[in-house]
S.K.: 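Next up is a structure, given as structure tokens.
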Amino acid sequence: MITSPQAGAVLEINLAALAANYQILRARAGGTECAAVMKADAYGLGVEQAGPMLARLGCRTLFVAHLGEGVALRQILGSEPAIYILHGPLPDAVDEFLAHSLIPVLNTPEQLAQWARKGQSEARPLAAALQVDTGMNRLGLTTTDAAALAAAPERLAGIDLRFLVSHLACADQPEHALNLEQRQLFDRLRAAFPLGPASLANSSGIFLGAGYHYDLVRPGAALYGVNPTPGQPNPMQEVVRLRGSILQVREIDTPRSVGYGATHRVTGPRRIATVPVGYADGYLRSLSGQGVGCLAGVLVPIVGRVSMDLITLDVTEAPPDAARPGAMIDLIGGRGESIDAVASRAGTIGYEILTSLGRRYDRRYVGAAAGDDAGTREAGNV
Ligand SMILES: Cc1ncc(COP(=O)(O)O)c(C=O)c1O
């Protein structure tokens with residue numbers, strides 16, 4: 001990763017806030033075990049830093065999407081935690097799962113058969129989770145596949161089934177009818193399999209109530225500060241703060257346009273600041289003319305198009321002595337808008353903003369020591 005202290009933009013990642021969020025979610029889950037979803041490099045925030053922090057807090061079950069992500073996480077965290085691979089084993093990858101003690105989430109009859117064969121050839125049952133599709137229509141055994149399996153449980157020989165898993169499609173909309181439908185179908189499928197532990201809830205699912213918690217909850221986005229209860233106050237702490245420094249300030253007195261496509265027209269006397277953050281850094285182009293920053297406590301709008309490496313903001317309303325080269329403008333978090341608000345302006349979700357965050361920023365991990373302290377506190381105290 002090319003991070004650069006000279007980037008002119010600072011991405012601060014607060015590990016104490018991450019730790020607090022894990023504890024908040026664990027407390028909300030009551031006595032249910034709280035796993036952590038760390039795919040896509042901990043949603044873009046850095047698995048090397050986030051993984052050890054969560055492990056120190058006692059998180060012992062982790063989920064990633066890809067085998068490679070699991071191998072990397074195993075190297076970082078050692079042999080202790082259970083690491084589940086949501087995509088399951090691709091053909092020919094089974095040996096690598098065993099070499100790194102990774103546990104597949106089995107999603108198809110083919111993955112199931114492959115894993116069972118391997119367990120039989122090893123003469124020991126191999127750990128796995130089994131995903132059933134209860135309404136997402138994306139990954140997991142269909143209801144028909146699940147019924148066929150329930151009628152032929154010998155197909156599970158060679159597999160040490162740890163969890164029956166499903167995934168909610170609309171957990172961030174508590175009133176959506178599909179939540180209860182998925183839960184009821186999940187219960188019916190659980191009754192058909194004598195499998196024991198079950199897991200259904202993602203971040204938002206935890207807030208749907210205890211009936212959705214089962215034996216393991218699997219939050220991702222909320223750990224990293226995204227609001228799991230859209231439309232309600234965010235119960236999570238802010239993990240990410242992005243600031244960009246002003247490169248140049250231009251006083252415009254006569255009518256002119258700003259940026260590519262001349263989409264923004266300045267008529268009166270205005271002051272325009274240029275900041276070295278662009279769509280190559282994950283500051284999405286759809287924020288053109290939509291985003292806002294915060295300079296010295298004053299909201300300053302993005303004007304004109306977001307380009308690859310630069311944005312332009314109208315800083316006329318900020319105190320003139322604040323609008324100078326080198327001054328920092330909050331773009332996400334801090335005194336600026338939340339990640340969810342930025343996402344909404346960009347026409348997307350906080351997840352996409354997080355996982356798009358660029359690699360050129362001066363990345364600073366703060367609060368690690370505070371996170372250590374948090375680790376010694378009881379979950380309910382946070
Ligand atoms: C199967 C599964 N479980 C849990 C999660 C975590 O979801 P969230 O980030 O909404 O908490 C994901 C993420 O997409 C997922 O695919």
Side-chain angles (χ1 to χ4, degrees), residues 18 21-26 28-29 32-45 47 50-51 54 59 61-67 69-70 73 82-88 102-108 111 128-141 162-174 176 178-179 182-183 185-186 189 197-208 212-232 234-237 239-240 339-340 343 348-357:
L18 170 72
N21 287 344
Y22 179 72
Q23 291 173 309
I24 290 166
L25 293 166
R26 186 161 62 184
R28 289 300 294 240
T32 296
E33 183 186 346
C34 188
V37 179
M38 308 208 74
K39 57 193 176 142
D41 198 23
Y43 287 45
L45 300 192
V47 84
L54 294 172
C59 177
T61 303
L62 304 159
F63 287 83
V64 292
H66 293 254
L67 172 63
E69 294 177 331
L73 198 53
I83 301 177
Y84 286 84
I85 311 297
L86 288 164
H87 290 185
L102 301 172
I103 308 176
V105 177
L106 304 172
N107 297 299
T108 65
Q111 287 187 340
L130 178 66
Q131 177 150 224
V132 288
D133 191 333
T134 53
M136 187 85 166
N137 288 302
R138 190 178 69 166
L139 269 185
L141 295 191
R162 300 275 173 93
F163 286 101
L164 190 68
V165 171
S166 195
H167 191 44
L168 294 166
C170 304
D172 57 343
Q173 301 166 62
H176 203 293
L178 192 50
N179 291 318
Q182 286 197 257
R183 185 178 136 195
L185 177 54
F186 192 50
L189 292 169
S199 175
L200 181 62
N202 63 338
S203 298
S204 296
I206 294 172
F207 292 82
L208 291 177
Y212 288 82
H213 293 167
Y214 295 92
D215 304 293
L216 180 81
V217 294
R218 310 184 309 269
L223 286 171
Y224 312 110
V226 171
N227 187 357
T229 58
Q232 308 286 328
N234 189 353
M236 314 318 301
Q237 291 192 13
V239 178
V240 167
I339 192 134
D340 296 292
T348 183
I349 52 176
Y351 297 64
E352 191 178 22
I353 301 288
L354 282 179
T355 54
S356 302
L357 286 169

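Just follow the structure's listing: the first ligand is 1, and inside any ligand the first atom is 1.
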S.K.: Could you grab the distance from atom CD1 of Ile353 to atom OH of Tyr43, nearest 0.5 Å is fine?
M.R.: 15.0 Å
S.K.: Is ligand 1 under 4.0 Å from a heavy atom in the side chain of Leu86, in the backbone, in both, or in neither?
M.R.: side chain
S.K.: Give a yes or no on this: more than 12 heavy atoms of other residues, nucleotides or ligands lie within 6.0 Å of atom CZ of Arg28.
M.R.: no
S.K.: Atom OG1 in Thr32, atom CG in Leu216: separation rounded to 0.5 Å?
M.R.: 8.5 Å
S.K.: At a 4.0 Å threshold, what atoms of ligand 1 neighbour a non-hydrogen atom of Tyr43?
M.R.: 6 (C), 7 (O), 8 (P), 9 (O), 13 (C)
S.K.: What about Ser204: any of its N or O atoms under 3.5 Å from an N or O on ligand 1?
M.R.: no
S.K.: Identify the protein heavy atom lying closest to atom 11 (O) of ligand 1, giving its residue, its atom name and the separation to 0.1 Å.
M.R.: Ser203 OG, 2.5 Å
S.K.: Please work out whether any backbone atom (N, CA, C, O) or any side-chain heavy atom from C-beta onward of Met38 is under 4.0 Å from ligand 1, and answer side chain, backbone, both or neither.
M.R.: neither
S.K.: I need the contact type for Tyr351 against ligand 1. Using non-hydrogen atoms and a strict under-4.0 Å cut-off, is it side chain, backbone, both or neither?
M.R.: side chain
S.K.: How close does the nearest protein non-hydrogen atom get to atom 3 (N) of ligand 1, and which residue and atom is it?
M.R.: Arg218 NE, 3.0 Å
S.K.: For ligand 1, which atoms sit closer than 4.0 Å to a heavy atom of Arg138?
M.R.: 16 (O)
S.K.: Looking only at side-chain N and O atoms, does Thr61 offer a donor or acceptor that is under 3.5 Å from a partner on Glu33?
M.R.: yes
S.K.: Hey, which atoms in ligand 1 end up nearer than 4.0 Å to a heavy atom of Val37?
M.R.: 4 (C), 5 (C), 6 (C)
S.K.: Taking only heavy atoms of Gly220 into account, list the atoms of ligand 1 that are under 4.0 Å away from them.
M.R.: 6 (C), 8 (P), 9 (O), 11 (O)
S.K.: Would you mind checking which non-hydrogen protein atom is closest to atom 12 (C) of ligand 1, with the distance to 0.1 Å?
M.R.: His167 CE1, 3.5 Å
S.K.: If only atom types and distance count, is the side chain of Ser166 paired as donor or acceptor with the main-chain N or O of Val132 below 3.5 Å?
M.R.: yes
S.K.: Which of the numbered atoms in ligand 1 are below 4.0 angstrom from a heavy atom of Ala221?
M.R.: 8 (P), 9 (O), 11 (O)
S.K.: Using 0.5 Å steps for rounding, measure from the CG atom of Leu86 to the CD1 atom of Ile103.
M.R.: 12.0 Å
S.K.: When you measure from atom 7 (O) of ligand 1 to every protein heavy atom, which one gives the shortest distance, and what is it?
M.R.: Asn202 CB, 3.3 Å
S.K.: Looking at every heavy atom in both Phe207 and Leu25, which two are closest together, and how far apart are they?
M.R.: CE1-CD2, 3.7 Å
S.K.: Mind checking whether Tyr84 and Phe163 have parallel, tilted or perpendicular rings, split at 30° and 60°?
M.R.: perpendicular
S.K.: Can a side-chain donor-acceptor contact be found between Gln131 and Asn107 if the only test is distance below 3.5 angstrom?
M.R.: yes
S.K.: Which atoms of ligand 1 sit under 4.0 Å from any heavy atom of Pro219?
M.R.: 11 (O)
S.K.: For the atom pair NZ (Lys39) and NE2 (His87), what is the distance rounded to the nearest 0.5 Å?
M.R.: 6.5 Å
S.K.: Does any N or O of ligand 1 fall below 3.5 Å from an N or O anywhere on Lys39, backbone included?
M.R.: yes
